Protein chains: 2
Amino acid sequence: MEKYLAVLKEYHFKITPRRKAVLELFLRQKRYLGPYEIKQMLGKASLEVGLPSIYRILEELEGAGILIKIEHSSRRLYYSLCRKPHIDHHHFVCSKCNRVEEVEFCNFSEISSFIEEKLNAKVQHHSLRIEGLCSQCRRKKSL
Amino acid sequence: MEKYLAVLKEYHFKITPRRKAVLELFLRQKRYLGPYEIKQMLGKASLEVGLPSIYRILEELEGAGILIKIEHSSRRLYYSLCRKPHIDHHHFVCSKCNRVEEVEFCNFSEISSFIEEKLNAKVQHHSLRIEGLCSQCRRKKSL
DNA sequence: CTATAAATAGAAATCATTTCTATTTACATT
DNA sequence: AATGTAAATAGAAATGATTTCTATTTATAG
């Protein structure tokens with residue numbers, strides 16, 4: 001937690017109860033969370049937070065590199081905690097339990113230089129979406 | 001065009017004026033197109049097509065492997081023609097002119113087996129989003 | 001030519017996300 | 001510890017892409 005609060009300070013974000021509560025929520029989960037779900041979880045802990053605030057907080061935490069945004073194929077937004085913010089990595093998302101794993105491996109530079117040579121283009125961003133079953137879910141055939 | 005109509009028949013889709021018109025539109029463009037934009041272009045050619053129909057047609061053509069769906073970071077849907085439907089490939093999207101290029105290169109199997117070993121997971125899907133400037137746009141500094 | 005399943009239009013609904021504004025709060029600086 | 005200020009927040013309302021629904025039309029198999 002302290003680590004993340006330090007990052008917030010670095011970015012000149014104030015340490016507010018809502019931001020801390022959202023962070024705490026993510027620290028206790030290894031799966032991705034959606035805005036409405038977060039609102040409900042905070043509500044259960046007796047902290048009413050408006051959806052617009054949640055959207056904003058999530059955006060800010062993403063901007064600070066604390067959360068990663070997951071653009072789900074359902075076209076809804078989800079976020080997941082970034083355990084190692086400063087290392088180039090991608091995320092594996094379990095299609096059953098929503099668990100998110102960080103994958104510190106990316107041979108993208110090969111693809112990137114292939115594209116730059118072949119198309120004479122300039123690659124700016126890339127994002128790899130990997131979906132499948134995590135070790136737990138692949139064992140259980142049914143949920 | 002004939003090639004794509006054959007694919008439609010294969011999938012038991014009827015050859016309708018709307019579907020042909022949408023296909024023609026894509027055959028004349030190398031960039032991605034959005035539903036509303038398509039409606040307007042068809043309108044100029046005096047073919048009024050309702051937006052729900054356009055959404056449906058795009059979805060069907062994607063299902064038949066004729067178009068690829070581009071989930072833009074703006075969270076709007078775009079589609080682009082797939083020139084070589086049956087080869088595993090990814091798409092490079094120019095952030096300036098929206099041109100879409102197919103990239104027949106993917107060393108994903110490496111990443112995939114890395115993940116399956118490391119996380120003991122089962123990889124089901126992956127999609128790589130590559131964004132940058134195409135050869136034309138990187139030359140012109142300003143639009 | 002006809003039957004019928006598929007395709008379509010248009011209106012309306014949906015619903016995640018964003019915008020706006022008044023109010024409150026964190027915290028740097030006294 | 002008090003205070004001023006910019007940042008944070010709530011809540012209502014707007015937005016706008018996408019989807020649903022239903023009545024009507026159309027492509028095409030036989």
Side-chain angles (χ1 to χ4, degrees), chain A residues 1-2 4-25 32-43 45-64 66-67 69-79 98, chain B residues 1-2 4-25 32-43 45-64 66-67 69-79 98:
Chain A
M1 170 58 100
E2 292 310 318
Y4 295 109
L5 295 185
V7 174
L8 280 185
K9 278 190 180 154
E10 217 179 283
Y11 279 80
H12 300 294
F13 287 123
K14 290 179 180 172
I15 312 299
T16 68
R18 327 268 143 173
R19 288 201 180 115
K20 275 208 275 192
V22 169
L23 270 176
E24 264 163 21
L25 221 55
Y32 61 74
L33 300 172
Y36 188 66
E37 190 179 6
I38 291 171
K39 179 184 171 57
Q40 291 194 312
M41 290 166 96
L42 293 178
S46 313
L47 183 67
E48 294 303 331
V49 187
L51 264 179
S53 298
I54 292 176
Y55 275 92
R56 192 179 23 73
I57 290 171
L58 292 173
E59 218 169 65
E60 292 159 352
L61 294 181
E62 192 214 355
I66 293 172
L67 299 181
K69 191 199 296 190
I70 294 172
E71 298 181 342
H72 196 263
S73 49
S74 70
R75 324 209 67 242
R76 290 199 204 94
L77 281 181
Y78 294 97
Y79 289 84
N98 302 348
Chain B
M1 170 59 101
E2 292 311 316
Y4 295 109
L5 295 183
V7 175
L8 280 185
K9 279 190 179 151
E10 220 178 280
Y11 279 80
H12 301 292
F13 287 123
K14 292 179 180 172
I15 311 299
T16 67
R18 327 266 144 175
R19 288 199 180 117
K20 274 208 277 192
V22 170
L23 271 176
E24 266 163 19
L25 219 54
Y32 62 73
L33 300 173
Y36 188 68
E37 189 179 10
I38 291 171
K39 179 182 171 59
Q40 291 196 312
M41 290 166 94
L42 294 176
S46 313
L47 183 68
E48 293 302 331
V49 187
L51 264 179
S53 298
I54 292 176
Y55 274 93
R56 193 177 24 70
I57 290 171
L58 292 172
E59 218 169 65
E60 292 159 353
L61 295 180
E62 193 213 354
I66 294 172
L67 298 182
K69 192 199 296 192
I70 295 172
E71 297 180 345
H72 196 265
S73 49
S74 70
R75 323 209 70 241
R76 291 200 203 92
L77 280 181
Y78 293 96
Y79 289 86
N98 301 347

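Quick note on labels: first sequence line is chain A, next is B, and so on, each numbered from 1. Just so it is clear, the model here is predicted, and its values are computed rather than measured.
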Value in whole Å for how far the P atom of dA17(D) lies from CG of L33(B) = 16 Å
Round to a whole Å and report the spacing from CZ of R19(B) to C1' of dT26(D).
-> 11 Å
Those residues at least two apart in sequence (or on a different chain) that pass side chain to side chain donor-acceptor pair (under 3.5 Å) with S74(A) are H72(A)
Tell me what R56(B) touches on the nucleic acid: a base, only sugar-phosphate, or nothing, going by heavy atoms under 4.0 Å.
-> base
Length of the CG-P vector between L61(A) and dA7(D), whole Å = 17 Å
Expressed in angstrom and rounded to an integer, what is the separation of E48(B) atom CD from dT8(C) atom C1'?
-> 13 Å
Are any of the side-chain heavy atoms of L77(A) and R75(B) separated by less than 4.5 Å?
-> yes
For A6(A), which residues count as a side chain to side chain contact (heavy atoms under 4.5 Å, CB included) partner, sequence neighbours excluded?
-> none
Those residues at least two apart in sequence (or on a different chain) that pass side chain to side chain donor-acceptor pair (under 3.5 Å) with E48(A) are none
Contacts of R56(B) meeting salt bridge (Lys or Arg N to Asp or Glu O under 4.0 Å) (sequence neighbours excluded), chain-then-number -> E60(B)
Rounding to a whole Å, what distance do you find between I57(B):CD1 and dA9(C):C1'?
-> 11 Å
Taking side chain as C-beta onward, heavy atoms only, is L42(A) less than 4.5 Å from V22(A)?
-> yes
With sequence neighbours excluded, what pairs up with K20(B) under the side chain to side chain contact (heavy atoms under 4.5 Å, CB included) test?
-> L5(B), I15(B)
Nearest-Å distance, OH (Y11(A)) to P (dA8(D))?
-> 15 Å
Under the salt bridge (Lys or Arg N to Asp or Glu O under 4.0 Å) rule, collect the residues that match up with E37(B), sequence neighbours excluded.
-> R31(B)
Five-pair end axes of the helix from dC1(C)-dG30(D) to dT30(C)-dA1(D) and the angle they enclose, rounded to 10° = 40°
Which parts of nucleotides 18-30 of chain C does protein reach within less than 4.0 Å, heavy atoms only, written one letter per nucleotide 5' to 3' as B for base, S for sugar-phosphate only and - for none?
-> BB------BS---
To the nearest angstrom, how far is R76(A) atom CZ from dT19(D) atom P?
-> 11 Å
Could you give the CG-to-P distance, from L23(B) to dA7(C), as a whole number of Å?
-> 14 Å
Partners meeting side chain to side chain donor-acceptor pair (under 3.5 Å) with E59(A) (sequence neighbours left out) | none
